[in-house]
Amino acid sequence: MARFSSTSSGRSHAAAGLLSGLSAAWVAAGGGLAAESNRPNLAGLATASASSEQPENAIANALDGDEATRWCAADGSAPQWWRADFEKPQQLVAVEVSWEFPGRDYRYTVETTRDGSTWTTVVDAGGGGRRPAAHDVTGEAGSDVRGVRVTFQGGPGWASLREVRLIAPAGTPVPGLAAVARDREVAKLRGEVRPPAGFTSTIFATAAQANYPVFVAATPAGTLYVSSDGNGSLGRDPRRGRVLRLRDGDADGAADEVVEFVDDLDAPRGLVFVDGRLVVLHPPHVTAFRDVDGDGRAEERTRLVSGIAFDYSKRPADHTSNGLAVGIDGWIYAVIGDFGFLEAEGADGRRLQLRGGGLVRFRPDGSGLDLFARGTRNNLEAAVGPLLDMIARDNTNDGGGWNVRLHAFTGLEDHGYPRRYMHFADEVVAPLADYGGGSGTGACWIDEPWMPAACNDQPYTCDWGTGRIYRHPLVCRGAGYEATQDSFLEINRSTD
């Protein structure tokens with residue numbers, strides 16, 4: 001999860017609301033082997049490579065100190081090798097190897113090298129197992145070591161290592177694996193986030209702290225809530241969603257406290273913090289959650305709107321009801337994907353149907369459910385300005401001239417999707433702009449005193465497909481706007 005900050009004022013401030021779904025390849029969860037042995041482990045000083053890998057079982061997993069993760073070769077062939085290399089020569093006294101399955105007769109060798117090309121065999125072994133198989137390294141094989149190689153020669157199953165521990169002499173100072181893993185991930189992610197001149201980027205939370213992020217919401221005190229959906233947009237397994245509460249207790253710009261605020265929510269999407277409650281859209285419902293006793297977990301739940309989307313029995317959570325935003329008028333605005341809903345019901349019994357995509361609103365207590373705009377395809381979120389200007393990046397990318405478009409919402413209008421805006425354009429509200437191919441996602445309106453004037457008081461939108469966040473300076477033209485688009489931030493897989 002990346003933050004960006006303006007450096008023009010000499011102070012660093014987070015621009016809340018820009019969130020990236022990021023890889024967990026370098027995450028260390030701790031425990032496992034690291035918890036079972038107090039011997040110094042040099043894994044934090046090594047970089048890993050291998051003959052092949054599965055994307056979901058990456059090479060670095062065998063060095064992360066966590067037996068819940070593993071490296072696995074791309075196929076069941078043998079031989080397959082995995083190796084760790086040091087930037088500087090190290091002293092080794094043992095190598096502990098933990099294979100995926102206990103009790104299987106893995107056939108493998110362990111070797112060390114002092115120059116990266118000549119290898120000395122430490123052990124030619126059979127019969128590994130999940131628990132560490134410790135192999136002593138003596139003599140020159142353990143002196144001035146620049147690399148360690150484990151070669152899978154065959155056996156029942158594939159080459160699959162849960163952990164390799166590189167044991168140094170007692171008393172050797174070694175970096176903690178969790179800190180090393182975070183530093184590696186931060187460095188990797190910083191390389192993927194390219195802010196404009198005058199701004200810097202930092203990592204607020206790693207994938208180990210907040211995985212599968214979809215939306216974010218911040219409180220006035222700076223607490224951040226993140227909706228996390230392990231199903232993504234197409235999975236339908238129950239109870240894989242949750243909402244996390246993140247806090248930066250020491251004000252160093254990074255989250256140091258993560259709590260599962262809600263741990264059993266299907267398809268969590270948009271969320272806003274209103275009147276001391278976190279309002280969450282989780283298809284098919286909208287629920288308000290409150291932490292009554294201050295332990296960081298929600299004990300109180302109040303249903304505000306029911307049936308505002310389809311649930312998993314009908315379809316997965318793509319093209320569903322998505323983002324929430326609060327207007328200065330006190331309404332909560334909800335963006336609805338083009339599958340719409342058949343019968344939503346608010347807390348006051350008011351009912352509504354929407355066949356297709358659009359924008360609906362309701363009061364923070366769930367009353368007054370109302371249709372605001374219609375005729376959109378798959379907006380993820382609307383940027384709501386301080387004067388109730390509303391802008392969204394619609395993912396109308398069906399091909400054949402049906403592209404990503406920028407919409408302005410004013411209320412009661414029809415934007416024409418899926419038929420009218422191509423064939424009867426004079427009967428609908430035209431988009432502000434057509435951006436061709438892409439995949440529009442989240443949006444926010446930034447109007448803050450710390451923001452440079454050229455970038456302030458304007459909407460920003462994310463595009464998953466182009467890997468960018470755009471800003472959209474608006475110029476009033478009659479009853480509407482003239483919109484431009486400037487690339488603001490390069491960032492992979494931004495959602496909110």
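As the structure is a computational prediction, the values presented were derived from the model and not from experiment. Note: hydrogens, waters and symmetry copies are ignored here, and every other heavy atom, side chains too, is used.
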Q: Apply side chain to side chain donor-acceptor pair (under 3.5 Å) to Asp124 and Tyr108, showing your working.
A: CA-CA 6 Å; Asp124 191 339; Tyr108 64 97; over 6 Å; no
Sequence neighbours excluded, the answer for salt bridge (Lys or Arg N to Asp or Glu O under 4.0 Å) partners of Asp486 is Arg471
**Request:** Salt-bridge test for Arg242 and Asp264: reply yes if a basic N is under 4.0 Å from a carboxylate O, no otherwise.
**Result:** no
inquiry  = Could you check whether Arg39 pairs with Glu96 (Lys NZ or Arg NE/NH1/NH2 to Asp/Glu carboxylate O, under 4.0 Å)?
reply    = yes
Sequence neighbours excluded, the answer for ring-ring contact (aromatic ring centres under 6.0 Å, His included) partners of His285 is none
message = Quick one: does any side-chain atom of Asn61 pair with a main-chain N or O of Trp71 as donor and acceptor, under 3.5 Å?
response = no
**Side-chain donor/acceptor of Gln209 to backbone N/O of Ala255, under 3.5 Å** = yes
Residue set satisfying salt bridge (Lys or Arg N to Asp or Glu O under 4.0 Å) with Asp115, at least two apart, ordered chain then number -> none
- Message: Closer than 3.5 angstrom, by distance alone: can the side chain of Thr495 be matched with the main-chain N or O of Val214 as a donor-acceptor pair?
- Response: yes
Q. Any donor-acceptor pair under 3.5 Å linking the side chain of Glu53 with the backbone of Ile59?
A. yes
Counting distance only, does the side-chain N/O of Asp394 pair as donor-acceptor with the main-chain N or O of Arg405 below 3.5 Å? no
Report task. Determine, for Arg70 against Glu163, whether the closest basic-nitrogen to carboxylate-oxygen distance falls under 4.0 angstrom. Result -> no
Salt bridge (Lys or Arg N to Asp or Glu O under 4.0 Å) filter on Asp144, not counting sequence neighbours, yields Arg114
For Glu140, is the CD atom crowded, meaning more than 12 foreign heavy atoms sit under 6.0 Å from it?
no
Check your understanding: Side chain of Asp463, backbone of Ser439: donor and acceptor closer than 3.5 Å?
Key -> yes
The side-chain hydrogen bond (donor to acceptor under 3.5 Å, both in side chains) partners of Arg149 (sequence neighbours excluded) come to Glu111
(request) Using the six-membered ring wherever Trp is involved, compare the ring planes of Trp99 and Phe152 and label them parallel, tilted or perpendicular (cut-offs 30° and 60°). (result) tilted
What do you reckon, is CZ of Arg194 surrounded by more than 12 foreign heavy atoms closer than 6.0 Å?
yes
request  = Evaluate the criterion side chain to side chain donor-acceptor pair (under 3.5 Å) for residue pair Ser77 and Asp75; output intermediate values, then yes/no.
outcome  = CA-CA 6 Å; Ser77 64; Asp75 56 50; 2.5 Å; yes
Expected output: side-chain Tyr106 to main-chain Phe101 donor-acceptor under 3.5 Å: yes
State whether the number of non-hydrogen atoms from other residues, nucleotides or ligands found under 6.0 Å of Glu87 atom CD is greater than 12. no
**Prompt:** Would Gln485 and Arg393 count as having a side-chain donor-acceptor pair, cut-off 3.5 Å?
**Reply:** yes
**Prompt:** Sub-3.5 Å donor-acceptor pair from the side chain of Asn41 to the main-chain atoms of Leu166, do we have one?
**Reply:** yes
Taking Thr120 for its side chain and Thr113 for its backbone only, find out whether a donor-acceptor pair lies under 3.5 Å. no
| message | Under a 3.5 Å distance rule, please check whether Ser321 uses its side chain to pair with a backbone N or O of Ile308 as donor and acceptor. | response | yes
* **Sidechain N-carboxylate O distance under 4.0 Å for Arg162, Glu67** => no
Item to complete: In plain terms, say whether Arg269 and Asp229 are close enough for a salt bridge, that is, a side-chain N and a carboxylate O under 4.0 Å apart.
Response: yes
Across all chains, not counting sequence neighbours, the salt bridge (Lys or Arg N to Asp or Glu O under 4.0 Å) partners of Arg83 are Asp85
* Verdict with reasoning, Val243 to Leu265, per side chain to side chain contact (heavy atoms under 4.5 Å, CB included) -> CA-CA 8 Å; Val243 177; Leu265 212 56; 4.0 Å; yes
